[in-house]
Amino acid sequence: MVSEFWSEFWYGLPVVAQDALWFVLLLLPALLAGVAVVWSYRPFSLVRAMIWRYRWTNALFVLLIAVSVGLGVGLIAQERGIRKGTARAAEKFDLVVTAPGSEVQMMLATVYLQPVDVPLIDGATYDEIATNEDVALAAPIAYGDSYRDSSVVGTTAAFVTHLSGDLAEGRMFATIEEAVVGARVPLDVGALFTPSHGVGDGAEEHAHDGVSLRVVGRMAPTGNPWDKAILVPVESVWKVHGLPLGHGPEREGQIGPPFDPDYFPGTPAILVRADQLWANYALRSEFTTERTMAFFPGAVLSQLHGLLGDVRQVMSVMAVVTQLLVAAGVLAGLAVLIRLYARRLALLRALGAPDRFVFSVVWTYAATLIGAGAVLGIGVGLAAVGIISRIVTARTDILVEATLGWPEFHLVAGFVSLTVLIALLPAFGALSRDVITDLRS
């Protein structure tokens, strides 16, 4: 009955209250040890003098603790930030339809713009998808060209609006010679460029010589790789490759849907969106056939995160092991620091100071250095997370905004409790030293 009561009480608390209470519980051993050690004594003035006497040595010790704590918490926070960033990048891709193949490969190609060669979906299949009564948006996504390090993707104006909302600058493309660039593409509105065939090191720079596209708009930041993409009418991609433009002769010059199945040259992927959530599940089932593969990028990403769950566990274990090694280093360092004060501590004992007072002085001195290092370590962790997030964002084009959360504060609290309890050992060691020998040293 008692266990059921506490179980109901615990799970009835808000998540924030649970995290805060767990933080207090992890820090409680250190607090109780502190109260027990300094009970009825006031060692703080003497401890302050000890710290000031060898202030640079003490500062270096605090800095070493801060760096170790900061790297440990930063490592865990960064992994969580990457998960959130990759999930946010897939938010706009409700349902993707491609030719049968690997869902992971097609997700990486469609959502994260990783180059891949895949079969095309034909016009009849696209028309069947686009005219489905439950489909609110069926946007072709035709990739394969690039400009410098930006992918050039053919699609429709509706997809651009769905992805970015209102443009941050300029207007939507209106002809096949116009383009809208992502927020991080280094092209100004009005600039002209010629796309290359292919992506990356294998791109053929002069394959489309004679083709000139003009930037007429810029998307708002999306926080995903599409911030580095250049979006053009899908007809533009078809034209530069010498393919039909998706419309019959009577609609020459038109861009965007509806497309004529007989003149639709194909597309690697189609973004499908329904107005109702339940309809997306029905559409996935309906469009999963021998000719097509329909999948939710968010679900595929979740499966990947599940498969990579061991990575987080390994990183957590590494962080804990690192903190244990640091705790052992703290113990060794404290033993060395206590030797600096051996003569002064021996003098205190020779003058009649109680052993428990000397014990409280040594332990309080050690706990002060550990606490200062842990607090400074949180600041180091914040700085490390910010720097690493910017590097990851620049390398992956996925907006990573990692911040310290309760798991990191729990790690710091556990580290503080462990190390201040370990600090009891050098405090006992200081009392075991011979007073006469230390006075003569």
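Basis for what follows: all heavy atoms, side chains included, without hydrogens, waters or symmetry-related copies.
- Taking CD1 of Ile176 as the reference point, atom CD1 of Ile255 lies at 8.5 Å (rounded to 0.5 Å).
- Atom CZ of residue Phe61 and atom CD1 of residue Ile370 lie 6.5 Å apart, to the nearest 0.5 angstrom.
- Between the side chain of Tyr126 and the main chain of Ala138, a donor-acceptor pair closer than 3.5 Å is present.
- Residues forming a salt bridge (charged side-chain N to carboxylate O under 4.0 Å, His left out) with Glu103 (at least two apart in sequence, or on another chain): none.
- The line from CD of Glu133 to CG of Leu283 is 9.5 Å long, rounded to the nearest 0.5 Å.
- Considering only residues two or more places apart in sequence or on other chains, Asp149 meets the salt bridge (charged side-chain N to carboxylate O under 4.0 Å, His left out) condition with Lys228.
- Once rounded to the nearest 0.5 Å, the distance linking CG of Leu95 with CG of Leu137 reads 11.0 Å.
- Formation of a donor-acceptor pair under 3.5 Å by the Asp127 side chain with backbone atoms of Gly123 is not found in this model.
- In this structure, Phe159 has its ring center under 6.0 Å from that of Trp226.
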Pair Tyr112-Leu301, side-chain contact (heavy atoms from CB on, under 4.5 Å): steps then yes or no: CA-CA 11 Å; Tyr112 302 102; Leu301 186 62; 3.5 Å; yes
Going through the checks in order, is the side-chain contact (heavy atoms from CB on, under 4.5 Å) test met by Asn224 and Leu163? CA-CA 10 Å; Asn224 60 41; Leu163 188 65; 4.2 Å; yes
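- Residue Pro29 comes nearest to Leu26 through the heavy atom pair CD-O, 3.4 Å, listed as atom of the first residue, atom of the second, then distance.
- Contact of the Thr110 side chain with the Tyr143 side chain is registered, since non-hydrogen atoms from C-beta on lie closer than 4.5 Å.
- Taking 4.5 Å as the limit, every side-chain heavy atom of Lys239 sits out of range of all side-chain heavy atoms of Pro244.
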The test is side-chain contact (heavy atoms from CB on, under 4.5 Å); show your working for Met106 and Gln114 and say whether it passes. CA-CA 9 Å; Met106 295 310 304; Gln114 298 299 307; over 6 Å; no
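- No donor-acceptor pair under 3.5 Å is formed between the side chain of Arg273 and the backbone N or O of Asp94.
- Side chains of Pro233 and Phe173 form a contact here, defined as non-hydrogen atoms less than 4.5 Å apart.
- Counting only distance, with no hydrogens or angles, the side chain of Arg218 and the backbone of Val185 share a donor-acceptor pair below 3.5 Å.
- A donor-acceptor pair is defined here as one N or O able to donate and one able to accept, closer than 3.5 Å; no such pair exists between the side chain of Ser302 and the backbone of Gly298.
- Put simply, the side chain of Val96 does not reach to within 4.5 Å of the side chain of Ile270, judged on heavy atoms.
- Using a 3.5 Å distance cut-off with no hydrogens or angles, the side chains of Asn132 and Glu286 do pair a donor with an acceptor.
- Ring pair Phe259/Trp238: centre-to-centre distance below 6.0 Å.
- A donor-acceptor pair under 3.5 Å links the side-chain atoms of Thr419 to the main chain of Phe415, judged by distance alone.
- Scanning both residues, Ala142 and Thr267, for their nearest heavy atoms gives N-OG1, 3.9 Å.
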Quiz: residues 377-390 side-chain donor-acceptor pairs under 3.5 angstrom, not counting sequence neighbours:
residue, atom, partner, partner atom, Å
Ser389, OG, Gln78, OE1, 3.3
Ser389, OG, Gln78, NE2, 3.3
Ser389, OG, Val385, O, 2.7

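- What you find for Phe264 and Asp122 is that their closest heavy atoms are CD2-C, 4.0 Å.
- You'll find the side chain of Leu192 stays beyond 4.5 Å of the side chain of Leu213, heavy atoms only.
- Side chains of Asn58 and Tyr365: a donor on one and an acceptor on the other come within 3.5 Å.
- Going from atom CG of Leu60 over to atom CG of Leu64 covers 4.5 Å, rounded to the nearest 0.5 Å.
- Between Phe93 and Phe296, the ring center distance fails the sub-6.0 Å criterion.
- Looking only at side-chain heavy atoms (C-beta outward), Ile230 and Phe193 come within less than 4.5 Å of each other.
- Scanning both residues, Leu113 and Pro225, for their nearest heavy atoms gives CD1-O, 3.9 Å.
- Separating the OG1 atom in Thr98 from the CE atom in Met293 is a distance of 3.0 Å, to the nearest 0.5 Å.
- In this structure, the side chain of Gln105 does not engage the main chain of Met107 through any donor-acceptor pair within 3.5 Å.
- Listed for the Thr368 side chain is a donor-acceptor partner under 3.5 Å among the backbone atoms of Thr364.
- The minimum heavy-atom distance linking Gln254 with Gly256 is given by the pair NE2-O, 3.3 Å.
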side-chain contact (heavy atoms from CB on, under 4.5 Å) between Thr222 and Lys92: does it pass, once the steps are laid out? CA-CA 9 Å; Thr222 63; Lys92 293 291 186 177; over 6 Å; no
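- With His247 contributing its side chain and Tyr263 its backbone, the two residues share no donor-acceptor pair below 3.5 Å.
- Contact record, Ala374 with Val69: O-CG1, 4.3 Å, taken as the closest heavy-atom pair.
- Two residues are said to be in side-chain contact when any heavy atoms from C-beta on lie closer than 4.5 Å; Val272 and Ile129 meet this criterion.
- Within the 4.5 Å cutoff, the side chain of Arg251 has heavy atoms near those of the Asp260 side chain.
- The backbone N or O of Thr292 sits less than 3.5 Å from a side-chain atom of Thr289, completing a donor-acceptor pair.
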